[in-house]
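In what follows, chains are A, B, ... by sequence order, proteins preceding strands, each numbered from 1. Both backbone and side-chain heavy atoms feed into the values below; hydrogens, waters and symmetry mates do not.
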Amino acid sequence: MSATAADALLAQLPILLVVAPLLGAALCLLVRDARLAWGLAVAVSAAALVFSATLFARTGGGLVLEYAVGGWQPPWGIAYKVAPVNALLALVLGAVFLAGVVYAGRSFRRELRGRRLQPVYSALLICQSGFFGVAMTDDLFNIFVFLEMASIAGYALVASARTPRALTAAYRYLLMGSTGAALFLLGIGYLYLVTGTLNLSDMAPRLQPALGSPAVVAALGFIGAGLLLKAALFPLHLWLPNAYGYAPSAIAAVLAGTSTKVALYILIRLLFGVFDAASFAAALPDVMMVLAPAAIVAGSGLAIFQRQVKRMMAYSSVAQIGYIALGVALVTQAGLTAGLVHLFNHAIIKVSLFMALGCVVYRAGDCRLSDLAGLSSRMPWTAAAIVAGAVSLVGLPLTSGFVSKWYLVSAVLEANLWLPAFVILAGSLMSAAYGWRLVEAAYFRGGESAGGAGGVSGAGGGSGEGGQSPVGGEGGAAAEDNGGGNGKSAEAPPVMLLTTWALIALNFFVGVNPSWLTSACRGIAATLLG
Amino acid sequence: MSIRIMTAMMTNEMLLMACIASPFALAALTALFHRAPVLRDALNLLMPFAAPAALLLLAGGPASLQLTQIVPGAGIAFTPEPVGLVFAGLVCLLWPVSMLYSLAYLYQNRAVRMTSFLVYYNLSIGCALALAFAGNLLTLFVFYEALTFCTYPLVTHDRSREALAAGRFYLAVLVGSSTLLLLAAMVWIYLAAGTLDFVPGGILDGRIGDEQVKWLLLLVVFGASKAAVMPLHGWLPRAMVAPVPVSALLHAVAVVKAGVFAIVKIILYIFGVDLLADAGAGDWLVYIASFTIIAAAVVALRQTSLKKMLAWSTVSQLSYILLGAALLKPAALLGAVLHLLAHGFGKITLFFAAGAIQTKSGKTRLDEMRGIGRAMPWTMGLFTVAALVIVGLPPLAGFSSKWFLLEGSAAAGGHLPAAVLLAGSVLSAAYLAPVIYRAFFVAEAPAADVRRPAERREAPTAMLIAMLLPALMCAALFFAVDAVAGFTAAAPGFSAEDAVGDAGGDAGGAP
């Protein structure tokens, strides 16, 4: 009895993931108190994380959940279908949105001072609903609609900072995002023309006989270009650095973990599920194979020279998208596994970094490199979080970045591609170069005055900085202990630190014990490659 | 019966865990008690004896720890084996000694940020111990990298512009080479063998072509650039801006030894001696190690600073160990392992003496060493003993190690290695002897008051004890060569019947 009730509830989860945030968005506009709106958003996001984690756990055994919206059976009605790949994306989205929304409470109150926050939470939930919709649905047009719903909310969210730079960035994001959407829609149109269906499961077999036709070639081109634009693969990344750099910190964090990942997810679904990536559509992976190493080198190289740290991290994202694309472009079991693993890992690493930077903005008002000076004594936990994020980007062992790097390098070497392997490793060195600029700024500049006066006595030893990376977590503890000695610590609010460190803990957890993630990704890759 | 075995196994594993965890625990306690300096210092003096005690109780008993799985078939795992135990023994013996010296040095020099110094020092020791017990290549790599990052704050401890520049260079070379080369080699090995476990005799036999073996060994030797093989040696002399106890850590206890240990371990347990010998892959390593031995010794001759000279001497001496490994003969391998110990004990005394001189008189340049032997007779006496170890004279451990290296090179045939070994010893005598001569037989400064006998300004007792103990270990090791030979006989490539047994009798009994 209870088992069937649980099953009945499980069957409703896909639609709940879309509807709950949408309802929450509407409710947010109605409540008078901004804190209540925040509470509502947190509750909805927490529920969404529970739902998506449940889906991830349940589909792990090979179960595929199907849901016909309104009772209209596919291929006529809109079908939701949750296979492990959908559940993985939903899990990423759930984790990022919950952390982001919780974090946003204090961050918005500082960065969007004097503004009505209800519409911002509402837009955040609409964005969430749209991305969950993309993850759940099995209908191509539905994917487009949800993607646009989330994107438009995203443009508004970037613009919510209301600084001239943010508005310009949002406008550019809007123009390029809409161009991408238009191309994507055009491609969908061609596919519909050829197959007469929009249901993904239905489309693949119908497309098979028509694979060589000009219409399908055009569809592949348009869809590829549109989605790569949305995914910000170099050189189509131009909207990204400013959008992430000038958006409010919480928004930058959420978008960094979700928007490009969702576009890549759609690309993976279409490439492997609809087109035949190994033969007919091989041109697209070939193009990505060229662009991805370029993205790694260019993104990391540009990141090194940024002075605004959020923009530095945005360029770093351009490089990291290159890593994911490189894995996907191999069109092998190992490569796709690596791409999916890094899709997950990069989401949590980059979100935690943007959150840590948001903590700096909270106190310093901005986060140029000079704002980081002496951070280790002023905000030891924030500084340690930045270090933890930086070492994960570099991919030091015991961080999730190492797991990604390992799978990527071995996938590339397995395909006997030495140059991309070199690019991956060189890219991680370049990320060490810009990560190191952060560490030096936080630990070696402006902190001297705090340590100098201590003199000979033992207490003098405590007033210095913690120093280097928290390998195994020890350094983080040391940094905190030492910072406490100053008595004038001006840390960010605990709730912001807690969410940041929760993601960092997840990151190290994956780094130490990644088998649950890697085996899930391997299963997904095997399914997608058929 | 089975229960008793199980209890014994559990105890062994717990001892292993205790041995590895004790430096990390001490680091945590040090951070915790940063406001209680007396307690902090007492802990740092006493707790370093925990690891050697645990190691002694463990004494190579079978134990194996599997903590987590990071890639399929490989995770964090610890398994003691003879060569690793020897390295762990070196670290364990020198840990208490260097903590004693560090505390004395820090207080004498009124150092700031003492807690942070001690925390990272202990973390580095922990990384070195974990690396020594690594049960697979991945674990070795993890702690190899961690060691770089734990030593970085020590190298830059002064926070001067020069220290920061040296630190940046340190990281760039060590992390750059390990990421670009060692990691690539590791992935290659994993793809070829399907595992990363350390297996006696290697895991690559029959899975990789002869030509590839050479390239892979190239990646490993230059990837583990902590071994300071030329041309990736520059970070070591530059890191001399660090405080003296850090130099000791770098040169004797952890860092460079971790590099050569990693290479030796990979040769023995990943490649296997037979595979390398069949592929002839050791040849170029012999040449490159020979070149490093001679070139670095020549550079050492031309130094004007005592610490810099000792650093170049380390570059030269490390390649003795690599040369021994590259010869792939049992006696040479035993010589390599003995030299790992002998050089560790000898070099730490030399650095401690240099630090004592700097602390007491502020002198660092070689031409300032005149008459220092009269002011600090004990310090310079121990310096002389340690110098004899580096040169390789009996009855000290440096003689034993070079003896077996020579024997190994004779077994391998070819005159080059033997000639290089002897020339290296002559050169080391040439750069070390002038220091001793100036210290004891030249009056301080001609311009100064010559009639007044030099004032006795001996180093603090704590520093002297810290110098004396490793010097004694050098002597003890000379007489315990048989024990080491017997102990390592179980390791692959060290097979006792070939050369070790009777030659060990020669060296141990003859003097």
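- Leu103(B) contributes atom CG, which lies 10.5 Å from atom CE of Met463(B) (distance to the nearest 0.5 angstrom).
- Comparing Val38(B), Leu106(B), Leu164(B) by how many heavy-atom pairs each has under 4.5 Å with chain A, the most go to Leu164(B).
- Between the CZ atom of Phe33(B) and the CG atom of Leu118(B) there is a distance of 14.0 Å, given to the nearest 0.5 Å.
- In this structure, chain A has a heavy atom under 4.5 Å from the side chain of Glu145(B), while its backbone stays farther away.
- Highest contact tally toward chain B, considering only Ala433(A), Pro514(A), Ala426(A), is held by Pro514(A) [criterion: heavy-atom pairs under 4.5 Å].
- Leu180(B) touches chain A through backbone and side chain together, each having a heavy atom under 4.5 Å away.
- Contacts of Val512(A) with chain B are made by both backbone and side-chain atoms, with heavy-atom separations under 4.5 Å.
- Of the possible polar contacts, one joining the Thr139(B) side chain to the Ala77(B) backbone as a donor-acceptor pair under 3.5 Å is found.
- The candidate from Leu413(A), Val394(A), Ile424(A), Val510(A) with the greatest count of non-hydrogen atom pairs under 4.5 Å with chain B is Leu413(A).
- Once rounded to the nearest 0.5 Å, the distance linking CD1 of Ile125(B) with CE of Met99(B) reads 7.5 Å.
- In this structure, Arg437(A) contributes its side chain and Ile304(A) its backbone to a donor-acceptor pair below 3.5 Å.
- Heavy atoms closer than 4.5 Å to chain B are found in both the backbone and the side chain of Ser410(A).
- With rounding to the nearest 0.5 angstrom, the CG atom of Leu138(B) is 9.5 Å from the CG atom of Leu183(B).
- Within the 4.5 angstrom heavy-atom criterion, atoms from both the backbone and the side chain of Ile70(B) approach chain A.
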